Asks: 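Below: one structure in structure tokens.
In this text, all values refer to a predicted model and were calculated from it rather than measured experimentally. In what follows, every chain begins at residue 1, and chains take the letters A, B, ... in the order their sequences are listed.
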Amino acid sequence: MTERCKNIELRLTAYLDKELSEADRQDVATHLRDCEECRQALCQLEETLAFLKQAYDSYPLPEVDLDQAWKEIEAKVNFGPSRWENFLELFKRPMIWGPSIAMAAVVLMFFVRLNVQDRQETTGSVAHAPVEKVLPPEPEQPVNESTDGPVRVCQVESVYSRSGNVMLLQTAGSGQPLIWILPEKKKEGEKS
Amino acid sequence: MNKKKNIVTHSDDELVTKCLGGRKISCNDLFKRHYEKILRHFMVKTRQKDLAYNLTQETFTKAFGGLKTWNRESKFSTWLFTIAINVSRDFARQQYRHRANQHISLDDEDCAWGNDASLTNTQNTPEHVFQEKELKNMLDDMISLLPEDEREVILLRFRGDEPTFKEISKIIGRSVGKTHELFGEALTRIGKRLKKYHARDKR
Amino acid sequence: MKIAIYTCQALVMVCLSFLLTPTYILAAGMDLQVTVEVVKADRASSNIDPQLEEMVRDLGPTLNYTGFSLLKKTLLNLKTNATGDVILAEDRTLTCRFLGYDDDQARLEVRILDTGKETFRTTLLMISGGNVLIGGPQFEDGVLLLRVGAEF
């Protein structure tokens, strides 16, 4: 083997790996064209590499329980608390869970109160006494602003009618105000 | 499956970031992704199941313990293998010292690893398994006749993601030129041995 | 961290004050919902619109009409000082103006305009869920009954 061949041989692996510079690669390629010995060396090299790759890749490995292996590593390595654990950690401090519980309780009460209010209002508007109160049928019954029992009614603060004739009554049932506009009297001078 | 998709979609860089951020699932994904490479490396090197398993565990423990120190300039697997090489060197040194203390012969460096390949599969085997066993035995034989530094280079060269010599040189802590040289010499030795096998087969 | 704590505490304060505030004060910022039902009452028929059964029962024998039909029902959402109109007939309009809350009552001004001229005006103090009946204006063969209700 010539000096030159030895030099080439040293670079053969890099040549196969395409890790040579363009100039070097050309140099080796040119020599290989002419040198049988070096070509054989290259062939041998390729064969060895192929064998090694196959043997290595197919080397039998033991069965490993990856989950178990991971647990062992987790035990040894301090990964630090995960974000969830960090979050939970917050709740151990009274400063956090105190207001949080208070807020939760408040929100709950809020909804309960809303519900109660709704029910109250609904009952309020529907609880018209089904029993008809028979009021004396006098058209000019004065407005009775007192409320019977707990049911409150609307009130008439003021009233005006161009016709001049208005009656203030109450409904027989719930006692809500009833304003009756009497028709305009066409006779002049008459006022009521 | 969804889990598998996750491992494939995220890059090592992304997984490391998530792992450092507290997302343990990403740490686990990283572990699963690279486990076999490291195990295979140690298995071929030591030829012992338990030892290979332990050295793999130690490699990952060190890796996750010092995950912050990965500078992200090199590939994650390169960094991981650097740790693996250090782990195996530490172990060899330990064994060396241990044997020195016990006055066991130090001539053969291979003694550090022991010579028994304790894998099962000794029953009647189909053709391809037989062939695999053949390959395995041949590989064991050839690897064992290499000096340690050449062995390191050979084993690093054949891992799945085909590292460049530049990467290997970083891992073993030597120059690129020296790495090539070691590799070349290893191949020559192995090549000669292969020829002998072929000659034997032809008989 | 501290920001989170203070936010929580602030929220608690807000919720508590909201809960403890009587409804009417809360209502102070709320719109007044006015419902206007325009009913035709007559003595010619004896059909009572099913939707008006409750109103008719409430009326009792005060007015001796036999037929009641719901011409329209309108809902007005009024902010303070806002006006809402309900057309009664070709030239007649009912106008409602919300004058604001007074304790737990809502002050509502109701006017009837005939060809733009005011023929009737009243100021009512409405309770939530309550209503007032205004009746009498001639309509076809009967009279109009206007039921004005408020919700707040």
Side-chain angles (χ1 to χ4, degrees), chain A residues 1 5-21 24 28 40-89, chain B residues 19-25 27-28 31-32 35-36 39-41 43-44 49-50 52-53 56-57 60-65 67 119-121 128-129 131-133 135-136 138-140 142-143 154-155 157-160 162 164-166 176 180-181 183-184 187-188 190-195 198:
Chain A
M1 187 170 276
C5 283
K6 275 194 187 142
N7 178 276
I8 294 290
E9 205 180 301
L10 282 172
R11 290 187 281 167
L12 279 180
T13 45
Y15 174 78
L16 276 175
D17 272 1
K18 301 184 173 65
E19 281 190 25
L20 285 178
S21 66
D24 280 339
V28 174
Q40 273 189 7
L42 182 69
C43 217
Q44 176 68 61
L45 194 61
E46 280 174 319
E47 200 187 302
T48 309
L49 288 172
F51 157 75
L52 281 172
K53 184 159 169 58
Q54 193 191 3
Y56 188 83
D57 286 346
S58 67
Y59 202 93
L61 297 178
E63 291 278 325
V64 173
D65 180 356
L66 279 178
D67 293 324
Q68 181 57 34
W70 178 246
K71 279 195 191 127
E72 284 173 30
I73 289 179
E74 267 188 316
K76 289 186 197 155
V77 178
N78 178 20
F79 280 106
S82 63
R83 276 191 218 123
W84 176 245
E85 281 160 11
N86 272 335
F87 182 69
L88 288 178
E89 195 62 31
Chain B
C19 177
L20 286 171
R23 198 161 176 267
K24 284 196 186 150
I25 288 181
C27 304
N28 187 240
F31 175 72
K32 284 194 272 204
Y35 189 82
E36 201 185 286
L39 182 67
R40 188 177 294 279
H41 174 89
M43 197 60 216
V44 175
K49 262 198 303 189
D50 293 338
Y53 176 80
T56 309
Q57 289 293 90
F60 278 105
T61 305
K62 287 208 162 109
F64 282 111
L67 199 57
L119 277 181
T120 54
N121 209 3
H128 70 282
V129 179
Q131 200 202 15
E132 262 181 26
K133 195 153 189 263
L135 276 174
K136 174 193 169 303
M138 282 163 70
L139 186 64
D140 288 342
M142 286 174 216
I143 297 286
I154 284 286
L155 288 178
R157 177 66 179 80
F158 291 102
R159 52 178 239 242
E162 311 211 334
T164 60
F165 277 97
K166 203 170 169 198
V176 182
H180 271 293
E181 195 187 298
F183 187 68
L187 282 183
T188 312
I190 293 172
K192 283 182 185 157
R193 195 64 162 213
L194 253 185
K195 268 191 189 159
H198 289 158

Asks: Taking the six-membered ring for Trp, are F64(B) and W70(A) parallel (under 30°), tilted (30 to 60°) or perpendicular (over 60°)?
Replies: perpendicular
Asks: Grab the two heavy atoms, one from L135(B) and one from S58(A), that are nearest each other, plus how far apart they are.
Replies: CD1-OG, 3.9 Å
Asks: Write down the atom of A14(A), the atom of H180(B), and the distance for their closest heavy-atom approach.
Replies: CB-CE1, 3.4 Å
Asks: Inspect the surroundings of CG in L16(A) and state if more than 12 heavy atoms from other residues, nucleotides or ligands are less than 6.0 Å away.
Replies: yes
Asks: Supply the atom-to-atom distance K192(B) NZ to T48(A) OG1, rounded to the nearest 0.5 angstrom.
Replies: 11.5 Å
Asks: Can you tell me which portion of M138(B) sits under 4.5 Å from chain A's heavy atoms? Options are side chain, backbone, both or neither.
Replies: both
Asks: For the residue pair V77(A) and T61(B), what are the closest heavy atoms and their distance?
Replies: CG2-O, 3.6 Å
Asks: Please classify the contact between L12(A) and chain B as side chain, backbone, both or neither, with a heavy-atom cut-off of under 4.5 Å.
Replies: neither
Asks: Distance check, rounded to the nearest 0.5 Å: L49(A) atom CG versus I190(B) atom CD1?
Replies: 9.0 Å
Asks: Which heavy atom of M43(B) sits nearest a heavy atom of P60(A), and at what distance?
Replies: CG-O, 3.9 Å
Asks: Examine whether an atom of K62(B) lies under 4.5 Å from a heavy atom of chain A, and if so say whether it belongs to the side chain, the backbone or both; otherwise answer neither.
Replies: neither
Asks: As an exercise, state the distance from NZ of K71(A) to CG of N28(B), rounded to the nearest 0.5 Å.
Replies: 10.5 Å
Asks: Heavy-atom cut-off 4.5 Å, strictly under: side chain, backbone, both or neither for L194(B) against chain A?
Replies: side chain
Asks: What residues, two or more places apart in sequence or in another chain, satisfy side-chain hydrogen bond (donor to acceptor under 3.5 Å, both in side chains) together with Y53(B)?
Replies: E72(A)
Asks: Measure the OH-CG distance between Y59(A) and L39(B) for me, rounded to the nearest 0.5 Å.
Replies: 11.0 Å
Asks: Under 4.5 Å heavy-atom distance to chain B, tell me which part of L45(A) shows up: side chain, backbone, both or neither.
Replies: side chain
Asks: Counting only non-hydrogen atoms closer than 4.5 Å, does C27(B) touch chain A with its backbone (N, CA, C, O), its side chain (CB onward), both, or neither?
Replies: both
Asks: List for me each residue that meets salt bridge (Lys or Arg N to Asp or Glu O under 4.0 Å) alongside E36(B), sequence neighbours excluded, and say none if there are none.
Replies: R40(B)
Asks: With a 4.5 Å cut-off on side-chain heavy atoms, are F158(B) and Q54(A) touching?
Replies: no
Asks: Could you go through L66(A) and F31(B), starting from their C-alpha distance and side-chain angles, then the distance that decides it, and tell me whether this counts as side-chain contact (heavy atoms from CB on, under 4.5 Å)?
Replies: CA-CA 9 Å; L66(A) 279 178; F31(B) 175 72; 3.9 Å; yes
Asks: Does any non-hydrogen side-chain atom of I154(B) lie less than 4.5 Å from one of Y56(A)?
Replies: no
Asks: Checking R157(B) against chain A: side chain, backbone, both or neither under 4.5 Å from a heavy atom?
Replies: side chain
